[in-house]
Number of protein chains: 2
Amino acid sequence: MTPAQTAEDAADDVTRVAVSTVIFSLRRESDSPTLVLPLVRRTRDPYEGLWALPGGWLDGAESLDAAASRTLSETTGLAPSYLEQLYAFGAVDRSPSRVVSIVYWALLRADAASTELIDRTKDAPDSATRNAPASALENTGWFDAASLPRLAFDHNEIVDYALWRLRNKVGYSRIAHGLLADEFTLADLREVYESILGRRLDPANFRRQVENSGTLIPTDRFRTGSHRPARLYRYNRDVELAERGPLSVRH
Amino acid sequence: MTPAQTAEDAADDVTRVAVSTVIFSLRRESDSPTLVLPLVRRTRDPYEGLWALPGGWLDGAESLDAAASRTLSETTGLAPSYLEQLYAFGAVDRSPSRVVSIVYWALLRADAASTELIDRTKDAPDSATRNAPASALENTGWFDAASLPRLAFDHNEIVDYALWRLRNKVGYSRIAHGLLADEFTLADLREVYESILGRRLDPANFRRQVENSGTLIPTDRFRTGSHRPARLYRYNRDVELAERGPLSVRH
DNA sequence: TCAAAAGTGTTTCACTTACACCCATGA
DNA sequence: TCATGGGTGTAAGTGAAACACTTTTGA
C-alpha cells in the first residue's frame, strides 16, 4: 500500500485509485522543436522494465489535483506550468488488479524542463528516441512524444489521447504559452504552435492573430542574433491559459 | 457495500469509487422548451432527504462506461442517446467518507424522457420547479436545470459544470441531435439550440448552417399543423455526434 | 551589398449576420 | 383573406489565408 513509482501495482482485489500525468515539454534541438515527455521505468511486476507515465496512488487526505502535483514531483522532480485533468481510465483489464487511473496532463516551460533531466542524460545516450535515465531521480527519461516505445498498461493510448487534447486545445486557447519561458519572440511562439500542430504557419498572419488576442505584452527588449532583432514579449497573466468554466474556481 | 441509490454512502475509511451521471433532456411545454434532468432522493444518511444525481458504486468487474449505464438504468430506468465522461471529482471534503466520483453526462431523446418519469408525475405536482417522484422507480423526479434546489454533496457544482460543457459542445458539435426523436423539423432543432444557448437564432441562417453541415437527411414527410407544413429530417448517423479523438475506439 | 528574418500592407475568399421577401397552409 | 411560420435571396460585415512588400541586422 506504499506509493509506487508509477500508478498500477497490485495489492488485494479491491479497486484502487491511481493518479498519473502526461507532461509535455518542448526540446529545441536540430531544426524544429519536438514535443517530449518524461517517463518512469517500472521496477516491479506488472510490466516491470517497461516505461510508464509518472504517477502514484491517491492518498486518502489529498485532492486529485494535489495528488497529481505530488506524484509528479516525487517521481520526476518537475513542477508544471499548466495542469488539467485529462480523463479517468477504468477498463477492467487495464491492469492485473483493478485500478482506476485519474490521468492529468501538464505543460512544462522549456527552461524548467532542461534543468532537471535533460542535462544529466547527455553522457549516456543509448537509443535513438530516448535518453538514458537521470540517475539522481531513479529511472526517468525524456522521450520524443511522436515515437514512443511500447509503454506499460494502456499508457500508449493515454498519451495519444493527451496529444489529441493538446492539439485541439492549442487551436482555441492560449495554452501554448505554458511551454515557453517568461520572455519570448513571436517566432518562438510560432514554433511552438507549428511543432504541436505539425504544419507551418504564416508569420505575418500569426503575428496579427496573437497581437489582436490581447494575451501578449511587448517589452522594450530585443533578441539579437543572426538577423534583424526580434522584439521580446511576455505573457499577459490576466488572461487565463484556457477557459475552464465553473471548474476554475477550484484549485 | 451494497450499491446505493446515489453515489456517496460511507462504509469504512478506504477511498471508494462512485459513478454518477447528469442526464439532460428537453421538456416541451408552455412556450419554449426547457432543459430538465432527473434526480434521485437520498434515503440514507449523508444528506438524507436531499436530491442527488443518479449513480452508484463502481462494480469490480465493469468498466467506468458500463457502470455509468448500469447505475443510470438501475436508478431511473433511462437509457441515454449520448453518454460521455464529464470529470472526476475528488475533493477530500466532498463526502464524509472519501469518495472519488467519476461523473458522466448524457442526453436523452425527448420521446424516451416523456415515457418513464414525466407521465407519472402529473397527478401529484407539489412544487413549482419539481414534479413529485415517480412511484414505480422510487424517489426520482425531473427538475428544471435552470432552477435546482440545494443538492447533496457537490452535485450543484457538478451540474453547473455539465451545463457549461453542454453549452460549449453545442457550439462546435452536432450533439443537440441527441435530444430529439428520429424525425424532426428544422424548427424543432432550432428550438433545442435556442433553449440550450439561451438566445434566439435566425431561422434562415440556422437552416443554411445545418443544411451545409451534411448531418441532416431530408425525408419526404412533412409535419402538418397550424401553418405551412415543415419538412421532417432525420439525423445522418454516419456523422458522429461529437468528435472524441482516440477515445472513440473504446466503448 | 546581400541573405534572411522581422514586421507591414493589401487582396481575396469563406462564412456569418441581418433582413427583405416569397410560399403554403389553417382558420 | 390574412396571420404565421416555412423557406429563399442578398448585401454588408468579419476574419482568416495568401502573398507582395519594406525594414533591419550580421556577415
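Keep in mind that this is a model prediction, so the values were computed, not measured.
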Item to check | Separation of dA18(D) C1' from L201(A) CG (nearest whole Å) | outcome: 13 Å
Next on the checklist: Tell me whether the side-chain N or O atoms of R228(B) pair up with the base of dA24(C) as donor and acceptor below 3.5 Å, since no angle test is needed here.
Outcome noted: no
Checklist entry - Of all the choices, dA6(C), dA3(D), dG6(D), which nucleotide is nearest to the side chain of R190(A) once you look at every atom? => result dA6(C)
Checklist entry - Out of dT8(C), dG9(D), dG6(D), which has the shortest distance to the side chain of A204(B)? => result dG9(D)
Next on the checklist: So if I take every side-chain heavy atom of P229(A) and compare against dA3(D), dA6(C), dT24(D), which nucleotide ends up nearest?
Outcome noted: dT24(D)
Checklist entry - With respect to F24(A), which candidate in V36(A), L166(A), L108(A) satisfies the side-chain contact (heavy atoms from CB on, under 4.5 Å) definition? => result L166(A)
Checklist entry - From dC19(D), dG7(C), dA3(D), pick the nucleotide closest to the side chain of D202(A)? => result dC19(D)
Checklist entry - Out of I158(B), L53(B), I102(B), L72(B), which one pairs with S20(B) under the side-chain contact (heavy atoms from CB on, under 4.5 Å) rule? => result L53(B)
Next on the checklist: Output the rounded distance in Å from CD (Q209(B)) to P (dT17(C)).
Outcome noted: 6 Å
Checklist entry - From the list dT8(D), dT8(C), dG7(C), which nucleotide is the closest neighbour of the side chain of R207(B)? => result dT8(D)
Checklist entry - Nearest-Å distance, CG (L189(B)) to P (dG6(D))? => result 12 Å
Checklist entry - Checking all strands, does R208(A) fall into the base, sugar-phosphate, or nothing category for heavy-atom contacts under 4.0 angstrom? => result base
Item to check | Worked verdict on R208(A) versus N205(A) for side chain to side chain donor-acceptor pair (under 3.5 Å) | outcome: CA-CA 5 Å; R208(A) 269 179 295 252; N205(A) 296 330; 3.0 Å; yes
Item to check | For the student: nearest non-hydrogen atoms of H177(A) and F184(A), plus distance | outcome: ND1-CZ, 3.6 Å
Next on the checklist: So if I take every side-chain heavy atom of F222(B) and compare against dC19(C), dG7(D), dG7(C), which nucleotide ends up nearest?
Outcome noted: dG7(D)
Checklist outcome for this item: By nearest-heavy-atom nucleotide on DNA chain D, the more 5' of R199(A) and G225(A) is R199(A)
Checklist entry - Over how many whole Å does the gap from H227(A) atom NE2 to dT1(C) atom C1' extend? => result 15 Å
Checklist outcome for this item: Rounded to whole Å, the CD-P distance (E211(A) to dG9(C)) equals 11 Å
Item to check | Interatomic distance where CG belongs to D188(B) and P belongs to dG5(D) [whole Å] | outcome: 14 Å
Item to check | Atom pair distance, as rounded to whole Å: CZ in R223(B) and P in dT4(D) | outcome: 20 Å
Checklist entry - If you find the nucleotide of DNA chain D closest to N205(A) and the one closest to T224(A), which residue's nucleotide is nearer the 5' end? => result N205(A)
Checklist entry - Nearest-Å distance, CZ (R231(A)) to P (dT8(C))? => result 9 Å
Checklist entry - Hey, mind stepping through D144(B) and R27(B) against salt bridge (charged side-chain N to carboxylate O under 4.0 Å, His left out) and telling me if it holds? => result CA-CA 9 Å; D144(B) 182 346; R27(B) 171 179 292 167; over 6 Å; no
